[in-house]
**Q** 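Have a look at this one.
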Amino acid sequence: MKALLKCALLLVISASGLSTAFAQQPQGISMKNTEAQAFLGTPIRLYPDNTDMQTGDREQWGHLSLSLPGGFTSNQYLIRNVTNPSLYAFLPEPGTSTGTAVIVAPGGAFLSLAVQTEGADIARALNKRGITAFVLTYTLNKTPRDIPGYQKIVADVFGAKARGEEPDIFVPQAPQDALTALRYVKTHASKYNVDPVKIGFMGFSAGAMTSISASIADTDNRPAFLGYVYGPMNAIEVPANAPPLFAAIALDDGLFGRMGLELVGAWQKQNLPVELHAYEKGEHGFGAGRPGTTSIGMIDQFVAWLATHNM
C-alpha cells in the first residue's frame, strides 16, 4: 500500500494519481486551497473572446505537502478546475536567447496541474540554457471545489486503475488548447525574440499525452519538436510528418515503466528522428530530475538533443 500511495501521490502532483488511501488523509499528507501564486506571472488567456470557455467557476489553486518513507518529501502548488486555458511566459536573460521556445505542459491526471515542479521549475531550467518557455494550463476535468470531494474523485479514479481498470480521464479539449498555444507563440514570435520554426512542446505525464495528441493531430500547425516525459510508451499511429521525438521515462515508474517502449518503434516505423532516455530509477513524476538518480540529467540531455537538430 505504501508503494501504491507514493506513486499515486506523485501522479496527482506530478502527473501521477492517488489511491483510496488519499481519501482517508493518511499521516504525512495535507492539502489546502490557496490563493493564486505570483511565480507563474500574468496569464495570457488563449481564448480571450470566447465567453463559453469562461463561464465555469474560477480555477482553483491548491498546496500539497507530503512526507513518505525513504526520505521523500514534497511541498508544491497545483491548479485544478481549469476552464480558461492560459500561457505563462518565462524569458531567458537578455542576450542569452537561442531563439528556441518550449511550451511546457504539466501533468496531473487531467484532474490538476503540477504548475510548480512540472511548470515553472522546468521553464526556469530552460531559461538558464537560453530557451524561452511558456507554461500551459490546459482544460481539465471538473472536480468538486471542496478538498474532501476532490480527494474522493482522485481516489476513485486511481483506485479503479489499481484494480486494473482504465478510467477515461482524457480531456479532448486539452490538445486543442496546446495547438492554440502553439499558434499564439508562432504569431507573437518576434515579441518574445523567438524563431517561429523553433517552437515545440515538452509535456509531463498527462501533459505528455496532451502534447503528443496535439503533435500527431491532422493539422498543418505542428510543433518543431516534442519532449515526451513519462507518458505512456505504447505504440500509436504516427503520421509521416510528426515532429522529432525526445522521450524520457524511469523504468521503475509505477504507471508506465513496465509497459514496453513501443512508442519509439512507432517513430522509427516512419523513419522519424527519435531519442529515448530510459533511466533505471526516478519513479513517476521526477520533473526536472530526481536527486540521486540519472534522471537529474534529463533537461541537459533534452537541450543537447535540441542542439543536434539545430534548435
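All heavy atoms count here, side chains included; hydrogens, waters and symmetry mates do not. Since the model is a prediction, treat every value here as computed from it, not as a measurement.
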**Q** Hey, could you give me each pair passing ring-ring contact (aromatic ring centres under 6.0 Å, His included) that has a residue in residues 233-253? Not counting sequence neighbours.
**A**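 Qualifying pairs: F246-H277, F246-F302, F246-W305.
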**Q** With rounding to the nearest 0.5 angstrom, report the CZ to CZ distance, R222 to F201.
**A**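 One finds 10.5 Å between CZ of R222 and CZ of F201.
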**Q** Quick one: do E262 and N234 satisfy side-chain hydrogen bond (donor to acceptor under 3.5 Å, both in side chains)? Show the steps, please.
**A** CA-CA 5 Å; E262 289 84 359; N234 53 292; over 6 Å; no
**Q** Do I296 and Y279 share a hydrophobic cluster, counting only Ile, Leu, Val, Met, Phe, Trp and Tyr and linking them when any side-chain heavy atoms are less than 4.5 Å apart?
**A**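 No, because I296 and Y279 fall into different hydrophobic clusters, even though each may have its own neighbours under 4.5 Å.
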**Q** Hey, are N81 and E59 close enough side-chain-wise for a donor-acceptor pair under 3.5 Å?
**A** no
**Q** Would R290 and E283 count as a salt bridge (Lys or Arg N to Asp or Glu O under 4.0 Å) if you check the C-alpha gap in whole Å, the side-chain angles of each, and the deciding distance to 0.1 Å?
**A** CA-CA 8 Å; R290 180 143 302 148; E283 302 183 357; 3.7 Å; yes
**Q** Are F256 and H284 close enough that their ring centers fall under 6.0 Å?
**A**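 Ring centres of H284 and F256 closer than 6.0 Å.
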**Q** Please test Y47 against T180 for side-chain hydrogen bond (donor to acceptor under 3.5 Å, both in side chains), starting from the C-alpha separation and ending with a verdict.
**A** CA-CA 9 Å; Y47 309 98; T180 300; 3.2 Å; yes
**Q** Less than 4.5 Å apart, side chain to side chain, heavy atoms only: is that true for E275 and L245?
**A** no
**Q** State yes or no: do L226 and F170 share one hydrophobic cluster built from I, L, V, M, F, W and Y residues joined by side-chain heavy-atom distances below 4.5 Å, directly or via other members?
**A** yes
**Q** Is there a path from L255 to L251 through hydrophobic residues (I, L, V, M, F, W, Y) whose side chains come within less than 4.5 Å of each other?
**A** no
**Q** Is the Y192-F134 ring centre distance short of 6.0 angstrom?
**A** yes
**Q** Evaluate the salt bridge (Lys or Arg N to Asp or Glu O under 4.0 Å) criterion for residues D252 and R258: first the C-alpha distance (whole Å), next the side-chain angles of each, then the deciding distance (0.1 Å), finally the verdict.
**A** CA-CA 8 Å; D252 63 350; R258 295 183 179 274; over 6 Å; no
**Q** For Y150, does the six-membered ring have the charged nitrogen or CZ of R80 within the cation-pi criterion, i.e. under 6.0 angstrom from the centroid and within 45° of the normal?
**A** yes
**Q** Using the six-membered ring wherever Trp is involved, compare the ring planes of Y77 and F39 and label them parallel, tilted or perpendicular (cut-offs 30° and 60°).
**A** tilted
**Q** Within a strict 4.5 Å, meaning less than it, do heavy atoms of the L306 and F225 side chains meet?
**A**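 They are in side-chain contact.
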**Q** So if you build clusters from Ile, Leu, Val, Met, Phe, Trp, Tyr with side-chain heavy-atom gaps below 4.5 Å, do L272 and V197 land together?
**A** no
**Q** Can you tell me if CD on E165 sees more than 12 non-hydrogen neighbours from other groups inside 6.0 Å?
**A** yes
**Q** Over all heavy atoms of both residues, which pair between P243 and S215 is shortest? Give the atoms and the distance, please.
**A**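 Taking P243 first and S215 second, the nearest heavy atoms are CD-O, 3.7 Å.
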**Q** State, yes or no, whether a side-chain contact exists between K186 and N221 at a heavy-atom distance under 4.5 Å.
**A** yes
